Asker: 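Sharing a structure here in structure tokens format.
The residues of the chain are indexed from 1 along the displayed sequence. Being a predicted model, the structure only gives us computed values, none of them experimental.
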Amino acid sequence: MSSGTDLDEHLALLRRRWTLLVGCVVFGAAASLALHWLIPSAYTATTQVLVMPVGVPEQLNQVTNRQREALNLDTEAQVAQSAVVAARAARVLGGQDPEPVEVTVPPNSAVLLISVTTADPESAAAQSRAYADAYLDHRRADALGALTAQQQAVLAKLKQVNAATDAVVRQLAKLTTGSPEHTIARQRQSVLNRQAASLSLKYDALRTIAVTPGTILSRATRPDAPSSPSLPLLLGTGLMAGLLAGSAAAYARDRLDTRLRAAADVERLTGLPILGDLSGPNAADRLADLAGEVVSACQNRRLLVRRLPPGLRSARSAEPLHVGLPLVVLDGSGASDLASAEAALLVVGLHKTTSKDVAAAVHRLARHDVPVVGVVTAAEAVPAFVSLLAPYPQPTLGRLASPGEFDLLNGPPPETSAFHAYQQPHRPGAPT
């Protein structure tokens, strides 16, 4: 089966269940509009912070073609969202507990976007600015603390070197000039003097470092429009959810529905072969193929025709069809028709029969060892079989009359047309 055929079947199924599909789509759209009306508006304010190196050892990124900033901005983003920064922001706000902050990092940049979402636009802007100030204060305090610790470490080391130098000087005063001990003491004194000079330079450099944690590029301002809920997003989500739910419901409803609406439903739900489908507008063009199918399956056999539902009637005349092979047709009106039948043909009225009705009919026929050779589906017209007009005698054939049953007619005289033979009065149980 081609993909085009599969698509046609899916579209036909959705057309059959269009009310269910449209109902789900409308419900999804209505639900999204209701959510947009019920969900309170939220406002988002954002502050942009440029992060700068503070001049003390910190966690750095490896600078590459893709990562051009030495600072680890992902770590800085986590620091900005930490509880320590939140506590500082609360102190900036005068003890008010701020809302959770969201920090993002644009690619290949040293900028942090500090965003706060609240129901009040003024509060959102104030809290975003408070978080930015608290983050920079925390970063400055950490840098100053690290710098002070380094200065103290260098100063302590310098004091140790100076003490050792004083000890060497006192030792040199007691040693004889030119002795090996005097020479070693001189070399140690020289090494200590170089260390003291290096530590002094490092200490002076640490004292002159300017700590700049970063700058605020743009402070948060009062947002003019709410950031959520978004009507296009909710409406699109509702329509898509309704479409998916409607399609699933339509497929489930179609699979659970046992009513036969097309010939494909008969094969899908009952497994019986379709000998002919006369439900379309060009049913008369398919009568020849139907005759060949029926005669090929039932020649030289007694064929019992069963209508489903039993009260199936024809709303218009069916075109007669001439068949030249022997065929005995039983319409079930005789008491011995079921016992003498060798095969059965089901005439199913579409939109009037369910697969359970067909299964029940097949089960009843199977109890009498009568196999079902196939199914003829029809919406209104039922085919009629008449004997073949020929100059030599032909065995008479039954015809399937408009009420949905096969009647037996004698061959019409040569001067009688096929249409006149088809219009002869109905005689149930007439001999073949």
Side-chain angles (χ1 to χ4, degrees), residues 1-24 243-298 303-316 318-319 321 343-366 371-384 400 402 404-406:
M1 184 177 295
S2 63
S3 58
T5 304
D6 292 337
L7 180 60
D8 291 341
E9 290 182 357
H10 297 322
L11 293 178
L13 185 148
L14 295 178
R15 284 194 296 269
R16 289 196 301 269
R17 307 294 178 183
W18 69 271
T19 54
L20 187 60
L21 177 63
V22 172
C24 290
L243 181 61
L244 294 177
S247 300
Y251 274 88
R253 182 69 181 89
D254 195 76
R255 289 295 181 259
L256 295 176
D257 188 7
T258 60
R259 187 171 296 277
L260 304 176
R261 292 178 172 81
D265 296 338
V266 177
E267 287 187 335
R268 177 174 59 86
L269 297 176
T270 67
L272 296 175
I274 300 297
L275 299 183
D277 179 20
L278 305 178
S279 60
N282 299 322
D285 299 337
R286 296 191 290 271
L287 287 177
D289 295 336
L290 171 61
E293 293 285 347
V294 173
V295 173
S296 175
C298 308
L303 179 65
L304 176 64
V305 177
R306 280 291 174 88
R307 292 170 295 156
L308 295 175
L312 179 64
R313 291 292 183 269
S314 175
R316 56 183 175 85
E319 191 71 19
L321 184 67
L345 177 69
L346 300 181
V347 180
V348 175
L350 298 179
H351 302 280
K352 304 174 182 177
T353 311
T354 64
S355 60
K356 295 181 180 179
D357 298 334
V358 176
V362 172
H363 180 69
R364 287 194 298 269
L365 293 170
V372 177
V373 297
V375 176
V376 175
T377 57
E380 297 178 354
V382 181
L400 185 59
S402 59
E405 57 190 17
F406 280 96

Asker: Write down the atom of A250, the atom of L14, and the distance for their closest heavy-atom approach.
Answerer: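 Scanning both residues completely, I find the closest heavy atoms to be CB-CD2, 4.2 Å.
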Asker: State which residues pass side-chain hydrogen bond (donor to acceptor under 3.5 Å, both in side chains) with T354; sequence neighbours excluded, sorted by chain then number.
Answerer: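 Testing T354 for side-chain hydrogen bond (donor to acceptor under 3.5 Å, both in side chains), a comparison that skips the adjacent residues, returns D357.
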Asker: If you measure from CG on D265 to CG on L350, what distance do you get to the nearest 0.5 Å?
Answerer: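 Answer for the CG-CG pair, D265 versus L350, is 8.0 Å.
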Asker: How close do A343 and V373 get, counting heavy atoms only, and between which atoms?
Answerer: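 Closest heavy-atom pair between A343 and V373: CB-CG1, 3.6 Å.
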Asker: How long is the straight-line distance from CG of L260 back to OG1 of T270, given to the nearest 0.5 Å?
Answerer: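 Answer for the OG1-CG pair, T270 versus L260, is 7.0 Å.
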Asker: A side-chain contact here means heavy atoms from C-beta on lying under 4.5 Å apart; do L308 and V375 qualify?
Answerer: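 Not in contact.
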Asker: Side chains of L365 and L346: closer than 4.5 Å at any heavy-atom pair?
Answerer: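 Sidechains of L346 and L365: in contact.
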Asker: Do any N or O atoms from the side chain of R259 and from the backbone of H351 form a donor-acceptor pair under 3.5 angstrom?
Answerer: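 Answer holds: yes.
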Asker: Looking only at atom types and distance, does a side-chain atom of T258 sit under 3.5 Å from a main-chain N or O of K356, one as donor and one as acceptor?
Answerer: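 No; zero donor-acceptor contacts below 3.5 Å.
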Asker: What distance separates R306 CZ from L345 CG, expressed to the nearest 0.5 Å?
Answerer: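 Nearest 0.5 Å value for the CZ-CG distance: 12.0 Å.
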Asker: Hey, does R17 have a side-chain heavy atom less than 4.5 Å from the side chain of Y251?
Answerer: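 With C-beta onward as the side chain, the pair stays apart.
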Asker: Which is it for L243 and L21 under the side-chain contact (heavy atoms from CB on, under 4.5 Å) test, yes or no, and what are the steps along the way?
Answerer: CA-CA 7 Å; L243 181 61; L21 177 63; 3.9 Å; yes
Asker: Does a side-chain heavy-atom distance below 4.5 Å link V266 with V358?
Answerer: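 They are not in contact (no side-chain heavy atoms under 4.5 Å apart), so the answer is no.
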